Amino acid sequence: STVAQKMYEVGENLSKVNFKRVLQLGDVITENPSDENENRESLQVFLSLLQKFPWPILNLLGNHELWGLGKHYLSEQYQLHGFEKKFFGIEDFGHYQIVWIDIVCPDMQHGKVTDVQLKWLSKNLVNKPTIVLSHYPLFPPDTLGHYYFETETNKSALQNGAEVWKVLRKLDHKVVI
């Protein structure tokens, strides 16, 4: 497919750079609600290409994978392809840390962070410069003029972004991506 070819070309060009880690932030498929086989095939193409990257990869799930395939299937497939089957964590890099948070999308809604993960995050955060990664922003961005989000700004951010922010506020230095 054209997408697979483009990803392969990106991988070839990126292989010339010495990365410490690749961050994949989700929405790796465009779900087809009427064809789960197409969704599975799209994911397989993506994961097969991702396996060719020579660096450690941190994967987040997007709402489109969750809507099209579900968390259990995705966890299973990522693990079968040699990737972590959990999609949240903290990695310490000495003077800073990277935190990545997972989402759930119950009933085809837009993402939120579970209470269990919020408690885990609160318990495990260390007060040092922190880069926070999430598929969704914590708060809605300016959506004026956006073809999809202008009339539904609430769909452009975590449903419970304010609760996540309460946990992160205790950090002196943070960057949220």
Side-chain angles (χ1 to χ4, degrees), residues 19-31 33 36 39-40 43 46-47 50-51 53 55-143 148-149 152-177:
F19 290 105
K20 294 218 183 262
R21 173 161 314 280
V22 172
L23 311 172
Q24 184 280 109
L25 301 178
D27 281 356
V28 300
I29 69 166
T30 302
E31 86 287 347
E36 189 169 322
N39 297 338
R40 288 176 182 224
L43 181 69
F46 173 76
L47 291 174
L50 205 59
Q51 280 181 304
F53 286 15
W55 322 280
I57 299 172
L58 185 153
N59 290 292
L60 293 179
L61 297 177
N63 52 304
H64 292 277
E65 296 96 84
L66 290 164
W67 292 343
L69 295 167
K71 177 84 61 126
H72 178 75
Y73 179 79
L74 290 162
S75 296
E76 194 176 77
Q77 291 305 305
Y78 273 83
Q79 186 175 23
L80 284 172
H81 285 82
F83 301 109
E84 288 282 329
K85 69 176 187 173
K86 70 175 190 166
F87 302 97
F88 67 93
I90 297 175
E91 187 168 348
D92 191 315
F93 287 88
H95 297 294
Y96 69 97
Q97 63 189 340
I98 294 179
V99 173
W100 59 104
I101 54 179
D102 193 15
I103 59 170
V104 293
C105 295
D107 303 319
M108 298 293 286
Q109 296 296 313
H110 287 266
K112 70 181 218 172
V113 177
T114 65
D115 291 340
V116 169
Q117 192 179 159
L118 281 172
K119 287 177 188 166
W120 173 88
L121 185 61
S122 182
K123 180 181 173 187
N124 291 287
L125 272 179
V126 175
N127 191 14
K128 61 168 56 182
T130 303
I131 299 169
V132 181
L133 304 169
S134 171
H135 176 69
Y136 283 103
L138 298 184
F139 300 105
D142 179 4
T143 57
Y148 179 75
F149 290 120
E152 301 188 74
T153 301
N154 62 319
K155 292 182 178 181
S156 67
L158 284 171
Q159 290 180 34
N160 59 344
E163 293 172 47
V164 176
W165 184 249
K166 284 179 188 174
V167 173
L168 297 174
R169 268 192 354 205
K170 69 182 184 183
L171 298 171
D172 291 334
H173 307 284
K174 56 207 153 280
V175 174
V176 180
I177 299 174

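This is a predicted model, so every value here is computed, not measured.
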**Item:** Qualifying residues under side chain to side chain contact (heavy atoms under 4.5 Å, CB included), relative to Asn127, sequence neighbours excluded
**Value:** Leu171, Asp172
**Prompt:** Taking Gln51 for the side chain and Gly82 for the main chain, is one N or O donor matched with an acceptor at less than 3.5 Å?
**Reply:** no
**Prompt:** Any side-chain heavy atom of Ile90 within less than 4.5 Å of one from Val126?
**Reply:** no
**Message:** When you compare the side chain of Leu66 with that of Val104, does any pair of heavy atoms fall below 4.5 Å?
**Reply:** no
**Message:** Would you say NZ of Lys170 has more than 12 non-hydrogen atoms from neighbouring residues, nucleotides or ligands within 6.0 angstrom?
**Reply:** yes
**Message:** Working to the nearest 0.5 angstrom, can you tell me the gap between Thr114 OG1 and Lys119 NZ?
**Reply:** 9.5 Å
**Fill in**
Output for pair (Leu74 CG, Leu69 CG), nearest 0.5 Å, gives 5.0 Å
**Message:** To the nearest 0.5 Å, what is the distance between CG on Asn59 and CZ on Phe83?
**Reply:** 6.0 Å
**Item:** Pair listing, salt bridge (Lys or Arg N to Asp or Glu O under 4.0 Å) test, anchored in residues 130-142, at least two apart
**Value:** none
**Request:** Applying side-chain contact (heavy atoms from CB on, under 4.5 Å), run through Trp100 and Leu23 and close with a yes or a no.
**Result:** CA-CA 10 Å; Trp100 59 104; Leu23 311 172; over 6 Å; no
**Fill in**
So side-chain hydrogen bond (donor to acceptor under 3.5 Å, both in side chains) across residues 155-166, not counting sequence neighbours, yields Glu152-Lys155
**Item:** Residues in side chain to side chain donor-acceptor pair (under 3.5 Å) contact with Asn124, at least two apart in sequence or another chain
**Value:** none
**Smallest separation among heavy atoms of Leu158 and Ser134, with atom names** = CD1-OG, 4.0 Å
**Request:** Taking side chain to side chain donor-acceptor pair (under 3.5 Å) as the test, write out the residues that go with Glu31, two or more places apart.
**Result:** His64
**Fill in**
Residues passing the side chain to side chain contact (heavy atoms under 4.5 Å, CB included) test with Tyr96, sequence neighbours excluded, are Phe93, Ile98, Pro129, Ile131
**Asked** For Trp120, which residues count as a ring pair (Phe, Tyr, Trp, His ring centres under 6.0 Å) partner, sequence neighbours excluded?
**Response** Phe88
**Pairs meeting criterion salt bridge (Lys or Arg N to Asp or Glu O under 4.0 Å) with involvement of residues 84-110, two or more places apart** = Arg21-Glu91, Lys71-Asp102, Asp92-Lys128
**Message:** Quick check: closest heavy atoms across Asn39 and Gly68, and the distance to 0.1 Å?
**Reply:** ND2-O, 3.2 Å
**Request:** State the CD-CD1 distance between Gln117 and Ile101, to the nearest 0.5 angstrom.
**Result:** 6.5 Å
**Request:** Applying ring pair (Phe, Tyr, Trp, His ring centres under 6.0 Å), name anything that partners Tyr78, two or more places apart in sequence or on another chain.
**Result:** Phe87
**Fill in**
Taken in chain and number order and not counting sequence neighbours, the residues that satisfy ring pair (Phe, Tyr, Trp, His ring centres under 6.0 Å) with His110 are Trp67, Tyr136
**Item:** Contacts of Phe46 that satisfy ring pair (Phe, Tyr, Trp, His ring centres under 6.0 Å) - sequence neighbours left out
**Value:** none
**Prompt:** Could you state the interatomic distance from CG (Leu138) to CG (Leu168), rounded to the nearest 0.5 Å?
**Reply:** 6.5 Å
**Request:** Can you measure from CG (Leu50) to NE2 (His81) and round to the nearest 0.5 angstrom?
**Result:** 9.5 Å
**Request:** Apply side chain to side chain donor-acceptor pair (under 3.5 Å) to Ser122 and list each qualifying residue two or more places apart in sequence or on a separate chain.
**Result:** none
**Message:** Main chain of Gly62, side chain of Glu65: is a donor-acceptor contact present, judged purely on distance under 3.5 Å?
**Reply:** yes
